[in-house]
Amino acid sequence: MSHDGIKAALEAFLDAEFSPDLSLVEWRKRLVSAGWAAPSWPDAYFGRDFSQAEALVVSQVFAERRVVGAAQVGPRRLAAETILAHGTHEQKQRYLPKILTGEHAWCQLFSEPGSGSDLAGASTRADRKADHWLINGQKVWNTSAHHADFGILVARSNWDLPKHQGLSYFLIDMRQPGVEVRPLKQMNGHASFNEVFLTDARVALDDLVGGEGQGWAVATATLSIERQGFARGRSQGAPAPASAGRVYEELARELEIDNEPYTWYPQREGRPDLILQRAQETGAIEDDAVRQEMAKLVCLTEAARISADQVSAHQKSGGQGMLPAGSIGKLGASVIARQAAHVHTMISGASAMLSGPESAFEGVIAETLISVPAISIAGGTDEIQRNIIAERVLGMPKEQRMDTGPFRDIPRNGQ
Amino acid sequence: MSHDGIKAALEAFLDAEFSPDLSLVEWRKRLVSAGWAAPSWPDAYFGRDFSQAEALVVSQVFAERRVVGAAQVGPRRLAAETILAHGTHEQKQRYLPKILTGEHAWCQLFSEPGSGSDLAGASTRADRKADHWLINGQKVWNTSAHHADFGILVARSNWDLPKHQGLSYFLIDMRQPGVEVRPLKQMNGHASFNEVFLTDARVALDDLVGGEGQGWAVATATLSIERQGFARGRSQGAPAPASAGRVYEELARELEIDNEPYTWYPQREGRPDLILQRAQETGAIEDDAVRQEMAKLVCLTEAARISADQVSAHQKSGGQGMLPAGSIGKLGASVIARQAAHVHTMISGASAMLSGPESAFEGVIAETLISVPAISIAGGTDEIQRNIIAERVLGMPKEQRMDTGPFRDIPRNGQ
Amino acid sequence: MQTVLSDDQVQFKHVVHRFFDTHSTTTAVRALAETETGFDPLVWSQLSETLGLTGTHLPEQYGGHGFGPVELGIIQEEMGRTLYCGPFFSSAVMAGYALERFADEAAKTERLPQIADGSIRATLVLDDLNHPSQVGRLIAADQAGALTGSAPIVLDGCSAEVFFIVAREDSGLGLYALAAKAPGAEVSAQDSIDMTRKVARVTLQEAAGTRIGSVTPQSLNRFWDLTSVALAHEMIGGASRLLDETVEYTKGRYQFGRPIGSFQALKHRCADLLMNLEFAKAATQHAGFCLAASDQETIYPSMAKAMAADCFMEMARAAIQLRGGIGFTWENDTHLWFKRAKCDEVLLGAPYRHRARMMDILQETQDVA
Amino acid sequence: MQTVLSDDQVQFKHVVHRFFDTHSTTTAVRALAETETGFDPLVWSQLSETLGLTGTHLPEQYGGHGFGPVELGIIQEEMGRTLYCGPFFSSAVMAGYALERFADEAAKTERLPQIADGSIRATLVLDDLNHPSQVGRLIAADQAGALTGSAPIVLDGCSAEVFFIVAREDSGLGLYALAAKAPGAEVSAQDSIDMTRKVARVTLQEAAGTRIGSVTPQSLNRFWDLTSVALAHEMIGGASRLLDETVEYTKGRYQFGRPIGSFQALKHRCADLLMNLEFAKAATQHAGFCLAASDQETIYPSMAKAMAADCFMEMARAAIQLRGGIGFTWENDTHLWFKRAKCDEVLLGAPYRHRARMMDILQETQDVA
């Protein structure tokens with residue numbers, strides 16, 4: 001289909017169907033039925049088999065006309081893409097439409113208290129019963145789990161196989177008695193995550209994704225989608241609804257809930273953007289010792305920006321060999337955040353202690369100082385990134401593994 | 001014996017026997033016969049069984065009266081102490097006197113090109129023949145080997161045992177056809193070390209120290225003596241002969257040869273002592289960015305000095321629990337040298353390029369800039385020191401070893 | 001000069017250690033952090049009346065015990081280790097040293113004994129906590145002693161009973177006393193990153209202070225040195241505790257089938273942290289010995305403050321990092337020390353300012369040893 | 001503005017890479033380091049006449065090829081990778097850019113083509129190599145053009161045929177030409193840490209220079225940016241080579257029964273080095289694109305010089321450290337790059353000076369992006 005043809009077809013559809021007075025769900029149902037909600041998905045599953053270029057045309061029309069699209073933000077996107085790639089026909093039919101309409105929110109149940117960096121070391125049990133799976137264990141770092149209707153879950157269905165082979169991947173109903181969600185407060189006072197306690201929770205046999213023992217392969221696919229989203233998310237951001245009408249109001253509410261866990265995320269990056277202004281306000285910019293540290297920070301932030309631009313230019317032109325970009329960029333973000341916190345501290349001096357309304361930028365700097373430790377941990381610690389860079393990019397030899405035998409024999413936490 | 005008694009006896013001996021016109025060897029022979037050359041050694045072996053406090057009295061008299069003592073500097077001391085502790089009666093009788101008189105110079109043959117940090121991985125062969133050991137292999141980092149008459153040698157006498165168990169310790173005559181010594185030039189232009197090629201070199205059966213397969217235990221003893229010497233050497237330095245007379249002239253020549261490999265050693269420590277003067281001369285001291293880096297350097301050098309003082313005060317008062325001091329001090333020396341080189345570079349600016357007679361301190365700063373890489377390698381790399389600190393001081397768990405089987409099966413260099 | 005702690009001092013350290021180990025548990029710290037005044041009056045009276053810690057470093061003639069910066073350092077180190085919550089640093093150290101160094105004889109005789117026995121909790125109102133040369137820019141006294149101006153950060157400002165205030169005069173600086181509830185004095189709590197040490201803004205509007213002494217540049221510098229070294233000891237205590245607990249954690253936490261403490265990256269990081277700690281600790285102890293030995297100005301107090309601050313902050317960062325996500329949670333105790341480290345880092349001047357000050361002194365004295 | 005190299009530029013890079021890979025082996029470098037002039041005339045004529053590299057960045061109207069800082073950067077990077085020994089940087093870059101930026105039309109027309117085709121080897125005599133604002137303190141011209149003064153560091157000063165000299169005048173700075181053997185010019189070789197790049201002191205005593213242009217602060221700053229970015233590319237080339245070879249070394253070197261490259265401490269260090277290199281490389285390429293796109297002053301050239309220098313030096317240190325003792329020997333090649341790194345670090349200004357310069361520009365322009 002020509003780009004002009006796509007544009008014309010979509011505009012005709014919008015002219016006919018869209019109204020700001022529709023309910024959000026009702027409007028999205030129309031989008032889903034017509035294949036415009038996820039046009040790059042297959043024809044058979046609510047899409048139009050569009051290429052990336054074609055899908056881009058659709059996005060542009062949505063943006064130009066300020067029309068509300070499908071629900072995309074947060075873990076629901078991970079669930080949708082994973083189900084689309086690895087789910088059964090029935091799973092796709094059952095779950096995908098309500099993800100696109102936003103009727104169902106999802107969460108990710110991968111990490112456990114005993115296995116953080118070592119995701120494949122999960123020890124939540126999945127025991128197969130006559131007509132269901134019985135789930136017992138604890139998950140952690142589950143963003144938005146308290147709003148979620150369903151979760152994508154990795155649990156251990158076989159303890160006699162090596163760790164990566166004994167995992168299975170499930171879709172679990174969060175609205176059942178065996179699932180308890182508790183908010184997890186961070187050191188910066190926010191509670192962006194949850195702990196999820198699974199006590200004789202049930203999963204229907206149909207809700208296994210990718211077959212028993214295939215959990216690691218499917219989880220890897222989800223993580224890869226997550227990483228891509230991380231890279232994309234940083235440059236795009238969610239479109240802000242700006243017009244009046246029921247559909248926009250409902251979208252605003254949805255986005256508020258979806259984005260709430262992330263309000264402090266800019267602070268964990270160290271807020272280098274506020275440095276120059278702060279240094280001018282306090283006069284610290286005249287101090288040569290401060291200037292040196294500011295310059296080092298500018299070097300890092302600018303180089304990271306330029307490097308990311310180069311990577312995306314390479315990718316756009318079909319170039320390759322830049323795979324490490326993710327890990328290098330993530331490691332760089334840690335260095336930047338640390339240096340930014342250092343410079344903010346120098347600039348503020350003794351008043352860096354303050355965190356209340358009287359403090360710099362009404363507490364934003366204070367929140368920065370106590371949020372930066374997150375950047376070098378979340379989404380894979382600096383140590384894990386360095387392992388990845390060394391092994392996958394530089395090709396340095398792996399260490400001998402200590403966890404290759406049957407999972408039940410591997411030393412682990414809580415034993 | 002009372003301290004006054006020792007003093008009186010020694011002074012009587014010196015009055016009777018010492019003359020600056022004696023040859024160095026002749027004088028030292030008298031010292032050895034009388035037990036004054038190494039008074040803390042056993043009565044049976046050229047000493048007087050003196051306590052450390054008593055031996056100190058002897059040193060003080062030697063110093064006060066500017067009398068020349070036994071030959072002590074360099075690897076000969078390691079050989080002497082090791083033979084004294086682990087040698088046979090015959091070895092002691094044969095080797096120790098000529099070490100004390102300085103007639104025989106010694107060198108240490110431990111490191112190999114293929115085993116630097118991993119000393120126990122030595123692969124120089126020692127094959128037992130009917131009436132001698134046949135030695136084949138290559139050693140490296142052998143200070144003063146080109147002047148040495150004998151060497152203390154670690155070689156592998158059994159390839160079927162685990163690496164630490166197959167080593168033996170030998171005393172080898174360096175003046176034989178199978179021993180070739182080549183100077184090894186460093187990046188700073190000095191040649192403080194040698195490579196030693198051993199090709200069908202011979203060691204008499206009597207010259208095995210500590211029994212076959214005991215090489216690692218004996219070598220460990222030598223290394224421990226070396227480390228103590230490193231700590232002591234830094235505070236003492238060799239006594240400078242200052243008077244006229246044959247014995248002093250010959251001592252001066254001996255010291256010149258002994259000390260020649262070490263002339264650049266102050267430079268590898270970064271010469272922080274020259275920073276303040278240089279910064280004042282160039283005016284860089286007025287630059288706040290330079291001042292910050294200077295202050296950081298002063299913090300390090302002063303803290304290292306204070307910390308070392310505290311350790312020796314603890315040791316003097318019989319305190320313990322400060323064993324890590326060596327590794328922490330050595331790691332600190334690396335950090336100091338690096339920071340000093342950094343500050344010297346800042347202070348000198350573009351003229352830091354120059355190394356000739358026109359350059360700062362007639363080339364001393366330039367030599368510093370290209371010598372500091374040695375400090376974090378020689379005597380155990382920073383990485384090895386960190387392992388020691390983590391495992392022995394902090395008690396952190398060791399890594400699984402990959403080299404526990406028979407030595408011939410362990411992957412190694414040159415295979 | 002002293003090189004290491006004497007046997008008596010080591011003995012004293014054990015006593016102090018036991019006291020805070022018992023009375024300043026993390027449970028207690030967390031509970032006090034949520035209160036307004038931030039301290040437990042019972043523990044305060046035990047440490048001041050029973051143990052007499054508040055008077056340790058103050059002269060005997062003014063009701064103190066006549067020990068010095070070394071013994072005070074021992075107390076501060078143990079307080080830092082357990083994050084003791086209470087007005088010790090504000091009253092006994094800041095206000096106590098200010099009185100001792102700035103006040104005239106009569107005021108010392110009258111007021112120091114109350115500080116020394118802890119019966120009065122005072123605090124020092126300094127309008128700048130970055131560098132001694134900047135003190136007096138915001139608070140001024142007129143010739144009648146009426147004080148006007150504001151200090152944004154006063155330790156334990158809300159719970160102190162008496163303020164000692166450094167104010168600018170026609171020429172130089174003076175020390176003034178003012179009851180906390182006196183007319184013209186307004187105290188408002190400030191939120192601090194560190195919930196375990198309370199701070200407030202004190203605003204003065206023609207408040208009628210009593211002039212009790214003069215502050216010379218020399219005495220202010222000496223005061224800055226004494227308080228900086230006390231604070232450095234607190235930071236060393238905090239850093240030591242963090243290292244101990246972090247190393248223990250890495251020994252017991254398993255990932256990939258092995259304790260994470262067996263991974264070389266973690267081992268090497270801990271080794272570097274230990275080296276930093278040993279150096280910062282040596283510098284801090286030495287600074288205490290120097291202060292105890294002589295009134296002469298040296299680089300060591302500022303050196304100690306700079307090194308201890310960098311060490312504590314680096315340690316706190318590592319303590320979180322090596323725990324991974326759990327280290328970033330509220331429930332885990334590590335953040336309590338992290339926040340103390342961040343605030344101590346800048347209190348009395350950030351490290352770079354102390355390094356600059358070191359260099360000023362070094363150039364004046366040209367004598368490092 | 002360009003973001004990545006074009007296909008043509010990548011192609012060019014391959015050509016240049018092959019040339020230096022063939023003609024600047026470490027054997028050749030070691031041999032040339034021992035000579036007085038430090039270059040191979042045959043290779044010089046190949047790279048200038050056959051390949052035309054010397055004219056790459058110079059305008060076509062003056063005999064150059066009309067490419068810009070990006071293509072020059074490609075050449076410099078490959079030269080840094082192989083430690084090419086020869087007067088390219090002194091003649092084509094320093095003298096070439098000086099002529100292009102400072103000389104009047106007649107001088108350009110007469111002299112640039114000789115630089116561009118390599119038939120004349122010139123060098124630039126600058127009396128300060130730390131910061132543009134300090135140029136002209138040591139060498140002065142009188143009104144007749146007689147030059148007096150001294151420049152302690154002149155690249156390839158002993159082998160250059162012509163000097164271009166920046167000298168202080170009554171008001172401002174002028175550019176002068178002088179034959180290397182002219183009366184009143186004395187050239188003495190200086191020992192450099194880096195034996196692969198020769199330097200000399202040039203002392204002038206009433207030497208009769210020909211005035212060929214004026215040096216404004218703006219043009220001097222632009223010149224500084226252009227040469228700094230060229231040098232940054234050289235450093236990136238050297239750093240990349242070192243990382244490649246160091247990683248290879250750790251894969252093949254066994255200790256404790258395993259390749260040392262499997263030890264986590266080494267892996268993590270290499271990962272950090274790669275990150276530093278990627279960042280410094282991105283900054284350096286971007287600086288080249290900026291220079292090519294516009295004459296406007298930005299922070300990027302100084303940023304590139306500072307980052308590339310820190311990166312190269314850190315890489316060189318690590319390259320020695322990770323090899324252990326062997327890395328400290330003369331026989332091992334690593335020190336050749338280490339010494340180049342040390343000299344490049346300070347040539348045209350140490351990193352801290354470039355960071356200070358960045359901040360000056362940043363404050364003037366207030367526009368980072």
Side-chain angles (χ1 to χ4, degrees), chain A residues 272-273 275-277 279-280 285-286 288 290-317 319 322 324-325 327-332 334-336 382-400, chain D residues 1-5 7 10 243-244 246-248 250-251 257-264 266-287 289-290 298-300 302-304 306-307 310-311 351-352 354-360 362-363 366 368-369:
Chain A
D273 55 314
I275 292 279
L276 194 59
Q277 187 187 339
Q280 283 166 332
I285 198 165
E286 300 306 327
D288 281 336
V290 178
R291 288 167 82 86
Q292 281 292 314
E293 298 304 311
M294 287 177 70
K296 287 179 195 167
L297 177 60
V298 172
C299 286
L300 289 166
T301 53
E302 285 296 289
R305 181 185 64 77
I306 295 161
S307 171
D309 287 352
Q310 291 183 345
V311 171
S312 65
H314 262 288
Q315 283 167 345
K316 268 181 207 151
S317 68
M322 305 282 281
S327 288
I328 289 177
K330 185 157 186 328
L331 198 55
S334 293
V335 178
I336 289 169
D382 282 1
E383 289 75 20
I384 295 289
Q385 306 307 329
R386 291 193 186 98
N387 279 348
I388 292 172
I389 295 168
E391 291 173 8
R392 300 201 201 151
V393 188
L394 296 173
M396 296 175 80
K398 298 197 179 200
E399 284 192 280
Q400 176 97 358
Chain D
M1 200 190 300
Q2 237 182 305
T3 310
V4 289
L5 294 183
D7 290 345
V10 170
L243 182 60
D244 292 349
T246 301
V247 167
E248 275 319 298
T250 69
K251 291 180 192 173
R258 48 194 273 205
I260 62 171
S262 72
F263 283 100
Q264 206 183 28
L266 272 67
K267 288 161 83 163
H268 283 201
R269 182 148 186 192
C270 289
D272 284 338
L273 290 169
L274 177 66
M275 187 194 77
N276 282 343
L277 176 61
E278 288 299 318
F279 277 18
K281 198 172 176 176
T284 299
Q285 287 200 338
H286 184 70
F289 295 141
C290 286
T298 70
I299 59 170
Y300 298 107
S302 270
M303 183 172 131
M307 293 187 82
D310 283 341
C311 167
Y352 85 98
H354 277 279
R355 283 193 291 266
R357 190 162 173 261
M358 267 178 72
M359 291 304 296
D360 294 340
L362 188 64
Q363 267 186 294
Q366 290 275 354
V368 185

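Letters A, B, ... mirror the listed sequences (proteins, then strands); counts begin at 1.
Contacts between N387(A) and chain D at a heavy-atom distance below 4.5 Å involve backbone atoms as well as side-chain atoms. Heavy atoms closer than 4.5 Å to chain A are found in the side chain of Q363(D), but not in its backbone. With a 4.5 angstrom heavy-atom cutoff, T250(D) touches chain A only via side-chain atoms. For M275(D), the parts lying near chain A are the backbone and the side chain together; criterion is any non-hydrogen pair under 4.5 Å. Looking at M359(D), both its backbone and its side chain come within 4.5 Å of chain A, counting heavy atoms on both sides. Both the backbone and the side chain of E383(A) come within less than 4.5 Å of a heavy atom of chain D. With a 4.5 angstrom heavy-atom cutoff, D7(D) does not touch chain A via any of its atoms.
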* **Criterion side chain to side chain contact (heavy atoms under 4.5 Å, CB included) on R291(A) and R355(D), from CA distance to verdict** => CA-CA 8 Å; R291(A) 288 167 82 86; R355(D) 283 193 291 266; over 6 Å; no

* Check the pair E399(A) / R258(D) against salt bridge (charged side-chain N to carboxylate O under 4.0 Å, His left out), numbers first and verdict last. => CA-CA 9 Å; E399(A) 284 192 280; R258(D) 48 194 273 205; 3.4 Å; yes

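E278(D) contributes no side-chain N or O that, together with a main-chain N or O of S307(A), makes up a donor-acceptor pair within less than 3.5 Å. Using a distance-only test at 3.5 Å, with no hydrogens or angles considered, no donor-acceptor pair links the side chain of K267(D) to the main chain of I388(A).
The line from CE of M396(A) to CZ of R269(D) is 11.5 Å long, rounded to the nearest 0.5 Å. Atom-to-atom distance recorded for L5(D):CG and H314(A):NE2 is 7.5 Å, nearest 0.5 angstrom. Interatomic distance, E302(A) CD to T298(D) OG1, rounded to the nearest 0.5 Å: 9.5 Å. Going from atom CG of L300(A) over to atom CE of M303(D) covers 8.5 Å, rounded to the nearest 0.5 Å. To the nearest 0.5 angstrom, L274(D) atom CG is 5.0 Å from L394(A) atom CG.
Residues H268(D) and I389(A) are not in side-chain contact: their nearest non-hydrogen atoms beyond the backbone lie 4.5 Å or more apart. S262(D) has its side chain out of reach of K398(A): every pair of non-hydrogen atoms, C-beta onward, lies at least 4.5 Å apart. Using a 4.5 Å cut-off on side-chain heavy atoms (C-beta onward), T3(D) and I306(A) make no contact.
Pairing each heavy atom of A271(D) with each of R386(A), the nearest pair is CB-O, 3.6 Å. Of all heavy-atom pairs spanning A356(D) and Q292(A), the tightest one is N-NE2, 3.8 Å. Listed here is the closest heavy atom pair of R305(A) and Y300(D): NH2-OH, 3.3 Å. Contact detail for A303(A) and A283(D): the closest heavy-atom pair is CB-CB, 4.5 Å.
With chain D as the partner, the residue from Q280(A), Q400(A), Q385(A) showing the most heavy-atom pairs under 4.5 Å is Q280(A).
When D382(A), V335(A), L331(A) are each tested for a side-chain contact (heavy atoms from CB on, under 4.5 Å) with D272(D), only one passes: L331(A).
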